[in-house]
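Inspection log for the structure reproduced underneath, given as structure tokens.
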Amino acid sequence: SPDPMLPLGLLRRAEFRSGTAVGLLINFGLYGQLFVLSLYFQDQRGYSALRTGLALLPEAALLIVASALSGRIMARTGPRRPMLAGLLIGGAGLLGVAAAGPHSMYLLLVLPMAATGFGMALTMPAATAAVMEAAPPDRGGIASGVVNAARQTGSVLGVALLGSLVSARTGFSAGLHAGIVVAAAAFFLAAALTFADVHRPAEA
């Protein structure tokens with residue numbers, strides 16, 4: 001088409017391409033692990049649905065704080081630093097969650113889950129800003145649509161793929177561990193893309 005809905009030239013811009021990939025990867029990791037953790041609390045620990053929801057609250061506890069902090073850091077340094085910090089913190093939190101077993105003390109999971117949610121909330125506003133800044137001003141609506149479509153795709157893939165790892169064929173505990181490690185790997189891959197392609201303001 002002479003006037004495509006998504007001009008492919010946008011994908012030649014490293015920050016646009018990597019910022020979009022970061023959106024996909026962190027939603028893949030976050031929502032995939034939320035799904036398998038909800039199964040873990042109910043199937044392995046015998047929690048009710050309500051108690052499971054309450055057990056997952058640490059992941060949401062710092063969302064507002066982290067989002068506000070991300071904006072303040074971006075105003076001074078650009079999106080690179082909050083993205084890198086958030087992805088590394090979130091990935092480390094997921095590795096902590098991966099150590100969970102059927103009889104692990106719940107309190108040992110609170111800090112890793114809080115780190116995961118904090119890292120996600122620190123990253124996402126900065127990743128969106130990186131994508132928007134990489135697009136021409138007249139393509140802002142398209143850029144926003146692309147990164148949001150990538151995030152939704154990541155969520156669907158994360159739930160499907162990580163959920164498949166906790167099937168009865170693999171054994172729940174082994175599948176849970178593998179799924180959370182894959183989620184952490186998605187965060188660390190996103191950090192590598194950020195390091196490579198999202199530049200400091202002085203480099204732009």
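All heavy atoms count here, side chains included; hydrogens, waters and symmetry mates do not.
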Between L8 and V147, is there shared hydrophobic-cluster membership here, with clusters defined by ILVMFWY side-chain heavy atoms closer than 4.5 Å? yes

Pairs of donor and acceptor atoms involving the side chains of residues 123-141, under 3.5 Å and at least two apart or interchain, shall be tabulated with distances.
| unit_1 | atom_1 | unit_2 | atom_2 | d |
| --- | --- | --- | --- | --- |
| T123 | OG1 | L87 | N | 3.2 |
| T123 | OG1 | G119 | O | 2.8 |
| T128 | OG1 | M124 | O | 3.0 |

I'd like a table of donor-acceptor pairs (distance under 3.5 Å, sequence neighbours excluded) in which one partner is a side-chain atom from residues 173-193, with atom names and distances.
| unit_1 | atom_1 | unit_2 | atom_2 | d |
| --- | --- | --- | --- | --- |
| S173 | OG | Q44 | OE1 | 3.4 |
| H177 | ND1 | A98 | O | 3.0 |

Straight-line distance of S155 OG to L24 CG, nearest 0.5 Å: 8.5 Å

Once side chain to side chain donor-acceptor pair (under 3.5 Å) is applied, what residue pairs with a partner in residues 53-66 remain, sequence neighbours excluded? Q33-E59

Report yes if some heavy atom in the side chain of L111 is under 4.5 Å from a heavy atom in the side chain of P58; otherwise report no. no

Is there a side-chain contact (heavy atoms from CB on, under 4.5 Å) between V166 and Y40 once you walk through the steps? CA-CA 9 Å; V166 296; Y40 161 74; over 6 Å; no

Determine whether Y106 and L94 fall in the same hydrophobic cluster, where Ile, Leu, Val, Met, Phe, Trp and Tyr are linked whenever their side-chain heavy atoms lie under 4.5 Å apart. yes

Checking S18 now: which residues fulfil side-chain hydrogen bond (donor to acceptor under 3.5 Å, both in side chains) with it, not counting sequence neighbours? D197

Can you check whether G23's main-chain N or O pairs, donor with acceptor, with R151's side chain at less than 3.5 Å? no

Would you check, one step at a time, whether the test side-chain contact (heavy atoms from CB on, under 4.5 Å) holds for L157 with Y31? CA-CA 9 Å; L157 292 175; Y31 289 100; over 6 Å; no

T77 OG1 to L84 CG distance, which is reported to the nearest 0.5 Å: 10.0 Å

Side chain to side chain, L54 and Y47, heavy atoms closer than 4.5 Å: no

So L37 and M113, do their side chains get closer than 4.5 Å, heavy atoms only? yes

same_hphob_cluster(L165, L25) at 4.5 Å side-chain heavy-atom cutoff: no

Members besides I64 in its Ile/Leu/Val/Met/Phe/Trp/Tyr cluster (side-chain heavy atoms under 4.5 Å): none

Is it true that V198 and M74 fall in one hydrophobic cluster, defined by side-chain heavy atoms closer than 4.5 Å? no

Examine L56 and M120 and state if one hydrophobic cluster contains both, with Ile, Leu, Val, Met, Phe, Trp and Tyr joined whenever side-chain heavy atoms are less than 4.5 Å apart. yes

Donor-acceptor contact present, side-chain S70 to main-chain A66, <3.5 Å: no

Hydrophobic cluster of F118, others only, ordered by chain and residue number, side-chain cut-off 4.5 Å: L62, L69, I73, I89, L122

Value for CG (L162) from CG (L34), rounded to nearest 0.5 Å, stands at 10.5 Å

Any side-chain heavy atom of S104 sitting closer than 4.5 Å to one from R45? yes

